[in-house]
2 protein chains.
Amino acid sequence: MVKRVRGSTTGRPIMALLDLLGRRWTLRIVWELREEPKRFRELQDLTGASPTIVNTRLAELREAKLVELDDATGYRLTALGNELLRLFLPLHVWSEKWAKATA
Amino acid sequence: MVKRVRGSTTGRPIMALLDLLGRRWTLRIVWELREEPKRFRELQDLTGASPTIVNTRLAELREAKLVELDDATGYRLTALGNELLRLFLPLHVWSEKWAKATA
DNA sequence: ACGGCTTGCTACATATTCCGTAGCAACAGG
DNA sequence: CCTGTTGCTACGGAATATGTAGCAAGCCGT
């Protein structure tokens with residue numbers, strides 16, 4: 001497994017971030033963790049992704065220090081991950097507007 | 001080509017949006033269009049993605065009314081796309097902080 | 001009218017990634 | 001023990017991405 005981030009040879013953090021978030025299920029998983037911690041299988045059921053992918057994405061997110069595993073409660077966002085999520089929260093509102101515009 | 005958005009059977013716009021943005025190169029392409037319009041080959045060179053994918057993503061983004069093609073200048077964000085981008089701009093600053101934290 | 005250039009876009013074979021199912025080892029409770 | 005839950009992995013087939021080549025249409029200069 002390659003460590004280097006795809007398409008981001010520039011070394012610019014924003015590129016690495018866009019690459020990380022631009023992977024199937026990554027954004028969705030972060031989103032599902034927005035409120036309460038979730039178990040591995042919960043994330044599986046909620047997203048509908050295969051365990052292979054859930055595991056891979058969780059590993060990437062953990063390495064990126066956006067997600068951590070608390071044995072007692074499950075996977076949850078780190079402080080850093082929460083900051084990121086907060087940047088994404090306006091998307092929820094905006095997506096409603098977008099849905100109307102594209103309908 | 002399937003119209004229905006992957007993994008978003010719920011009908012919730014946020015899921016459709018997260019799915020659309022969570023595809024390889026989508027976020028990156030939107031990002032590259034943040035300032036000036038770009039030509040097809042410019043996007044190819046900037047991102048390093050294959051023309052097949054660039055074309056596919058541009059088609060998706062155009063259908064989502066986030067990107068449009070102006071013959072004179074190239075691909076650019078629509079008004080809607082610009083709104084979305086503005087929600088993402090704080091990512092740029094945050095990514096620097098994130099890079100330091102993960103280093 | 002011809003060559004040379006750029007435009008958006010496509011074909012096709014290969015490589016990578018993802019999916020779906022099954023199942024593992026560790027642990028907890030009954 | 002038996003059963004259930006935990007995180008996680010193996011593996012074969014399906015979907016997606018890559019990399020290279022090239023097409024048709026338009027423009028520009030000669």
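Each chain gets a letter, A, B and so on, in the order the sequences are listed, and its residues count up from 1.
- An OP1 or OP2 oxygen of C:dC18 is reached within less than 4.0 angstrom by no side-chain nitrogen or oxygen of A:Arg23.
- Note: CG (B:Asp45) to C1' (D:dT20) measures 14 Å, nearest angstrom.
- Within the structure, salt bridge (charged side-chain N to carboxylate O under 4.0 Å, His left out) pairs that include any residue of residues 44-55 of chain A do not occur (at least two apart or interchain).
- Distances shown here put every side-chain N or O of B:Arg24 at or beyond 4.0 Å from the OP1 or OP2 atom of C:dT16.
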Under 3.5 Å, sequence neighbours excluded: what are the donor-acceptor pairs made by side chains of residues 83-92 of chain A?
from: A:Glu83; atom 1: OE1; to: B:Trp94; atom 2: NE1; distance (Å): 2.9
from: A:Glu83; atom 1: OE1; to: B:Lys97; atom 2: NZ; distance (Å): 3.0
from: A:Glu83; atom 1: OE2; to: B:Lys97; atom 2: NZ; distance (Å): 2.8

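- The side-chain hydrogen bond (donor to acceptor under 3.5 Å, both in side chains) pairs that include a residue from residues 31-40 of chain A are A:Arg28-A:Glu32, where partners are two or more places apart or lie in different chains.
- When side chains are defined from C-beta on, B:Phe40 counts as touching B:Leu58, because their heavy atoms get closer than 4.5 Å.
- Residues passing the salt bridge (charged side-chain N to carboxylate O under 4.0 Å, His left out) test with B:Asp70, sequence neighbours excluded: B:Arg76.
- Phosphate contact (OP1/OP2 of D:dT18, side-chain N/O of B:Trp25, threshold under 4.0 Å): present.
- Among pairs with a residue in residues 52-79 of chain B, none fulfils ring-ring contact (aromatic ring centres under 6.0 Å, His included), at least two apart in sequence or across chains.
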Is there any protein nitrogen or oxygen under 3.5 Å from a nitrogen or oxygen in nucleotides 8-12 of chain C, and what are the pairs?
from: C:dG8; atom 1: OP1; to: B:Arg39; atom 2: NH1; distance (Å): 3.4
from: C:dG8; atom 1: OP1; to: B:Phe40; atom 2: N; distance (Å): 3.2
from: C:dG8; atom 1: OP2; to: B:Phe40; atom 2: N; distance (Å): 3.0
from: C:dG8; atom 1: N7; to: B:Arg41; atom 2: NH1; distance (Å): 2.8
from: C:dG8; atom 1: O6; to: B:Arg41; atom 2: NH2; distance (Å): 3.0
from: C:dC9; atom 1: OP1; to: B:Arg62; atom 2: NH2; distance (Å): 2.9
from: C:dC9; atom 1: OP2; to: B:Arg62; atom 2: NH2; distance (Å): 3.3
from: C:dC9; atom 1: OP2; to: B:Tyr75; atom 2: OH; distance (Å): 2.0
from: C:dT10; atom 1: OP2; to: B:Asn55; atom 2: ND2; distance (Å): 2.3

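- Direction of the helix axis in the helix from C:dA1-D:dT30 to C:dG30-D:dC1 shifts by 20° between the two five-pair termini, rounded to 10°.
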